[in-house]
Amino acid sequence: MVMRDKFDYFLVQKSKYYGVNLIDQTRVNFVKEFPDYVLVTTEKGNFKSKVIIGADGVTSLVARSLELRKKPKLGAALEGEIFPINDSANLSVYDGSLHLDFNVIPKGYGWIFPKRDHLSVGVFTTLPKVKEIKRFFSF
Ligand SMILES: Cc1cc2nc3c(=O)[nH]c(=O)nc-3n(C[C@H](O)[C@H](O)[C@H](O)COP(=O)(O)OP(=O)(O)OC[C@H]3O[C@@H](n4cnc5c(N)ncnc54)[C@H](O)[C@@H]3O)c2cc1C
């Protein structure tokens with residue numbers, strides 16, 4: 001399991017190595033589909049392409065612009081990165097496993113995703129609001 005900041009940076013470096021032209025720090029304002037191309041309007045100009053891949057997250061402007069999804073259903077989550085207090089704590093007990101528990105929060109689940117030197121721990125619910133999410137997290 002990986003931390004996204006490192007993994008995403010790795011993907012960017014690999015893409016650039018294989019010839020991808022990266023235009024960073026640029027907001028996409030709109031996407032429009034025409035019969036033989038897609039127009040992408042950004043704050044740094046317009047681009048045309050035969051294909052686009054929209055990897056712009058849960059509130060995706062690409063999905064909204066192309067009416068692929070009207071309105072995302074949002075839930076609530078609380079997540080923390082838990083580092084052992086002393087280095088001798090044995091994280092290897094989690095090696096090769098991930099932990100999901102569907103009994104810790106209503107309409108959701110809790111997780112423990114082990115990383116090399118710490119644990120990513122959290123709770124998620126499909127309910128848009130939940131009282132005392134910290135209590136479920138602590139549980
Ligand atoms: C609490 C939580 C913990 C998680 N923990 C892990 C984990 O430990 N390991 C793991 O592998 N995965 C984890 N995930 C899942 C992982 O974060 C997602 O699956 C992944 O980030 C989805 O990638 P994405 O590229 O689709 O969207 P995102 O990572 O959300 O990236 C979308 C990008 O698009 C950009 N963007 C959005 N709109 C525009 C616009 N109009 N113009 C320009 N750019 C735009 C955003 O700035 C963002 O950079 C976690 C998710 C959550 C919610």
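For ligands, and for the atoms within them, numbers begin at 1 and follow the listed sequence.
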For a side-chain contact (heavy atoms from CB on, under 4.5 Å) check, start with the C-alpha distance between Leu127 and Ile105, then their side-chain angles and the critical distance, and finish with the verdict. CA-CA 10 Å; Leu127 298 169; Ile105 188 168; over 6 Å; no
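- Contact annotation: the side chain of Phe136 never approaches that of Thr125 to less than 4.5 Å [non-hydrogen atoms, C-beta and beyond].
- Looking at heavy atoms from C-beta onward, Tyr17 lies out of side-chain contact with Gln13 at the 4.5 angstrom threshold.
- The shortest contact between atom 9 (N) of ligand 1 and any protein heavy atom is with Val2 O, 3.1 Å.
- Of all the heavy atoms of Thr59, none lies under 4.0 Å from any atom of ligand 1, so neither backbone nor side chain is involved.
- In summary, the side chains of Lys73 and Thr126 do not present any donor paired with an acceptor at a separation below 3.5 Å, with no hydrogens or angles considered.
- Not a single protein heavy atom sits closer than 4.0 Å to atom 14 (N) of ligand 1.
- Closer than 4.0 Å to atom 40 (C) of ligand 1 lies at least one heavy atom of the protein.
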Evaluate Val31 against Ile52 for side-chain contact (heavy atoms from CB on, under 4.5 Å), listing each step before the verdict. CA-CA 9 Å; Val31 175; Ile52 64 163; 3.6 Å; yes
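- Heavy atoms of Met1 stay at 4.0 angstrom or farther from ligand 1.
- Closest to atom 5 (N) of ligand 1 among all protein heavy atoms lies Glu79 OE2, 4.1 Å.
- Remark: ligand 1 and Val28 share an N or O pair separated by less than 3.5 Å (distance only, no angle test).
- Ranking protein heavy atoms by distance to atom 34 (O) of ligand 1, first place goes to Asp56 CA, 3.3 Å.
- For ligand 1, the atoms closer than 4.0 angstrom to any heavy atom of Arg27 are 41 (N), 42 (N), 43 (C).
- Using a 4.5 Å heavy-atom cutoff, the side chains of Arg69 and Ser60 are in contact.
- Residue His118 forms a ring pair (Phe, Tyr, Trp, His ring centres under 6.0 Å) with just one option from Phe113, Tyr94, Phe83, and that option is Phe83.
- Per-atom contact check: atom 20 (C) of ligand 1 touches the protein, criterion being a heavy-atom distance below 4.0 Å.
- A cation-pi contact, defined as under 6.0 Å to the ring centre and within 45° of the axis, is absent between Lys14 and Tyr18.
- When side chains are defined from C-beta on, Phe137 counts as touching Val121, because their heavy atoms get closer than 4.5 Å.
- Within the 4.0 Å cut-off (strictly below), no protein heavy atom is located near atom 49 (O) of ligand 1.
- Closest protein heavy atom to atom 29 (O) of ligand 1: Asp8 OD2, 4.8 Å.
- Atoms NZ and NZ, from Lys50 and Lys48 in turn, are 11.0 Å apart once rounded to the nearest 0.5 Å.
- The distance from ligand 1 to the heavy atoms of Lys115 drops below 4.0 Å at these ligand atoms: 7 (C), 8 (O).
- Look at Asn29 and you'll find every heavy atom at least 4.0 Å from all atoms of ligand 1.
- Scanning all protein heavy atoms for the shortest distance to atom 25 (O) of ligand 1 gives Ala55 O, 3.4 Å.
- Close contacts between ligand 1 and Gly57 involve ligand atoms 27 (O), 30 (O), 32 (C) [criterion: under 4.0 Å to a heavy atom].
- Contact annotation for atom 32 (C) of ligand 1: protein present (non-hydrogen atoms, distance under 4.0 Å).
- The presence of a protein heavy atom under 4.0 Å from atom 43 (C) of ligand 1 is confirmed.
- Other residues, nucleotides and ligands place more than 12 heavy atoms under 6.0 Å from the NZ atom of Lys44.
- Taking atom 2 (C) of ligand 1 as the reference point, the nearest protein heavy-atom neighbour is Trp111 CZ2, 4.4 Å.
- The presence of a protein heavy atom under 4.0 Å from atom 37 (C) of ligand 1 is confirmed.
- Trp111 and Val104 fall into different hydrophobic clusters, defined by Ile, Leu, Val, Met, Phe, Trp and Tyr side-chain heavy atoms under 4.5 Å apart, directly or through other members.
- Aromatic ring orientation, Phe34 versus Tyr37: parallel (interplanar angle below 30°, classes split at 30° and 60°).
- If you check which protein heavy atom lies closest to atom 22 (C) of ligand 1, you get Arg4 NH2, 4.5 Å.
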